[in-house]
K.L.:
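This is the structure, below, for whatever I ask next.
We use all heavy atoms of the structure for the numbers below, so side chains are in, but hydrogens, waters and symmetry mates are not. In each ligand, atom 1 is the first atom listed, and ligand 1 is the first ligand listed.
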Amino acid sequence: MAVKTTLTGITTTGTPHLGNYVGAIRPSIAASNTGNGDYYFFLADYHALIKCQEPELVHKSTREIAATWLALGLDTDKAVFYRQSDVPEIPELTWLLTCITAKGLMNRAHAYKDTVQKNLDDGEDPDFAINMGLFSYPILMAADILMFNATDVPVGRDQIQHLEMARDIAARFNHIYGEHFRLPEARIDYVAVLQGLDGRKMSKSYNNTIPLFLGEKQLRKHINKIKTNLLEPGEPKDPNDSTVFQVWQAFASEEQTEYMRKEFENGIAWGEAKKQLFELVNGQLGEARERYNELVVNSHQIEAVLRQGAEKARAKAQPLMQKLRKAVGIYGL
Ligand code: TRP
């Protein structure tokens with residue numbers, strides 16, 4: 001059996017928050033540390049350009065996301081960690097795939113369709129503010145995945161369709177040019193969803209996040225902003241209906257979770273529960289935060305790590321790309 005290859009990308013348009021940590025970063029690092037199979041984690045900076053045309057922001061986000069993964073203990077001997085734009089074979093593969101992808105397939109992409117629908121609802125032209133990057137985004141994502149023949153792709157539910165498209169595209173390429181690609185699968189089982197300040201999924205687009213490496217004071221402030229109900233101290237509270245409890249659970253051991261469940265039944269005051277939640281989260285992130293703060297101001301260190309990652313990634317990508325060029329009829333005379 002060929003080895004399992006796990007790959008995931010992080011779009012560089014924001015500052016990592018607790019939801020990213022619990023849902024993606026922590027499980028990815030833990031899985032790669034098992035040493036079971038090959039791991040590729042990359043900064044999807046070409047994807048960032050689709051929705052963000054603020055150069056400063058893309059650049060800053062790249063630095064912050066890279067520093068975050070490294071500060072949290074990613075072992076770059078166990079996972080290839082690179083920046084998408086350092087691997088020119090990826091856009092090259094994107095083009096080969098673009099030429100065999102049906103336009104109709106892209107028409108059906110949720111992200112694109114939702115934007116068209118919103119334009120129509122607003123009485124705009126259907127194509128208003130839609131760039132070709134957004135339209136063909138699933139092809140770039142397929143290239144990210146197929147470039148390394150990934151089998152397992154941990155993603156959020158919103159990305160399932162993109163994985164189906166990557167499979168379609170891979171199968172079509174294989175059908176036309178021969179068996180070059182394995183068919184990747186979405187792994188949503190990896191990915192836990194954390195609630196945000198307002199109880200909805202924690203997400204930058206809802207503006208309800210708790211950034212991961214806030215200073216202590218700010219972290220406390222954010223935790224205090226988590227929405228609760230009006231139950232008084234002494235009144236029993238339902239842990240299953242509480243964001244405070246849900247975040248607690250994401251950081252707590254089983255014993256600590258049971259402890260807090262009892263505290264809820266006993267009517268712990270919201271202020272007290274939040275105070276304990278702060279202690280728990282702060283305790284777990286404190287050391288990583290120090291490493292993070294050092295790394296972000298020494299970005300040449302991050303850069304060096306990413307360059308090494310790019311070398312490893314290209315060592316895989318170049319031979320495959322050479323094979324693919326040959327397969328499509330582009331090679332020396
Ligand atoms: N589109 C993904 C997201 O928004 C990020 C991403 C880009 C990705 N390329 C990828 C994820 C390849 C997995 C594999 O979350």
Side-chain angles (χ1 to χ4, degrees), residues 4-17 19-25 27-29 31-32 37-52 57-58 61-62 65-66 68-69 79-87 89-94 97-98 101 106 109-112 114-115 131 133-170 181-194 201-206 209 309-310 313 316-317:
K4 178 176 102 159
T5 300
T6 304
L7 173 146
T8 198
I10 313 100
T11 307
T12 55
T13 46
T15 299
H17 54 69
N20 300 137
Y21 172 63
V22 168
I25 307 173
S28 296
I29 293 178
S32 65
D38 292 338
Y39 289 85
Y40 292 83
F41 302 129
F42 71 96
L43 304 157
D45 52 355
Y46 282 146
H47 285 266
L49 302 187
I50 293 165
K51 45 186 171 177
C52 180
L57 218 147
V58 172
S61 171
T62 304
I65 295 172
T68 297
W69 283 65
V80 184
F81 187 53
Y82 57 101
R83 183 167 38 200
Q84 182 184 33
S85 61
D86 284 339
V87 184
E89 289 76 17
I90 295 171
E92 195 178 349
L93 176 56
T94 302
L97 300 179
T98 299
T101 300
M106 295 300 99
H110 299 313
Y112 166 69
D114 290 352
T115 313
N131 60 49
L134 175 70
F135 184 67
S136 48
Y137 165 118
I139 311 177
L140 177 59
M141 184 160 159
D144 293 331
I145 297 166
L146 302 179
M147 188 83 263
F148 300 98
N149 251 312
T151 51
D152 294 61
V153 184
V155 283
R157 294 190 170 279
D158 59 322
Q159 299 293 315
I160 291 175
Q161 191 196 27
H162 294 146
L163 261 294
E164 286 165 2
M165 290 176 160
R167 293 168 64 85
D168 274 8
I169 292 170
F181 298 126
R182 299 193 280 183
L183 303 189
E185 279 184 48
R187 293 289 306 275
I188 49 166
D189 43 328
Y190 262 84
V191 181
V193 173
L194 196 69
K201 173 187 168 180
M202 189 179 290
S203 163
K204 190 173 60 112
S205 40
Y206 293 149
T209 70
K316 289 278 179 194

K.L.:
Would you please say whether a donor-acceptor pair under 3.5 Å links the side chains of Asp45 and Thr62?
P.N.:
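Result is no, nothing qualifies.
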
K.L.:
Ring centroid separation for Tyr82 and Phe148, is it under 6.0 angstrom?
P.N.:
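Centroid distance Tyr82-Phe148: below 6.0 Å, so yes.
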
K.L.:
Does Thr5 reach the main-chain N or O of Ala150 with its side chain, forming a donor-acceptor pair under 3.5 Å?
P.N.:
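No, Thr5 side chain to Ala150 backbone: no donor-acceptor pair under 3.5 Å.
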
K.L.:
Between the side chain of Ser203 and the main-chain N/O of Ser205, is any donor-acceptor distance below 3.5 Å?
P.N.:
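Pair found, side chain donor or acceptor close to backbone of Ser205.
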
K.L.:
Quick check: does any side chain N or O of Ser32 sit under 3.5 Å from a backbone N or O of Ile29, one acting as donor and the other as acceptor?
P.N.:
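Pair found, side chain donor or acceptor close to backbone of Ile29.
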
K.L.:
Indicate yes or no for a side-chain donor-acceptor contact from Asp114 to the backbone of Ala111 under 3.5 Å, with no hydrogens or angles considered.
P.N.:
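Side chain of Asp114 to backbone of Ala111, a donor-acceptor pair under 3.5 Å: no, none is there.
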
K.L.:
One line per pair, note the atom names and distance for all nitrogen or oxygen contacts under 3.5 Å between ligand 1 and the protein.
P.N.:
unit_1   : atom_1 : unit_2 : atom_2 : d
ligand 1 : 1 (N)  : Tyr137 : OH     : 2.5
ligand 1 : 1 (N)  : Gln159 : OE1    : 3.0
ligand 1 : 4 (O)  : Tyr137 : OH     : 3.2
ligand 1 : 4 (O)  : Gln159 : NE2    : 3.4
ligand 1 : 9 (N)  : His47  : NE2    : 3.4
ligand 1 : 9 (N)  : Asp144 : OD2    : 2.8

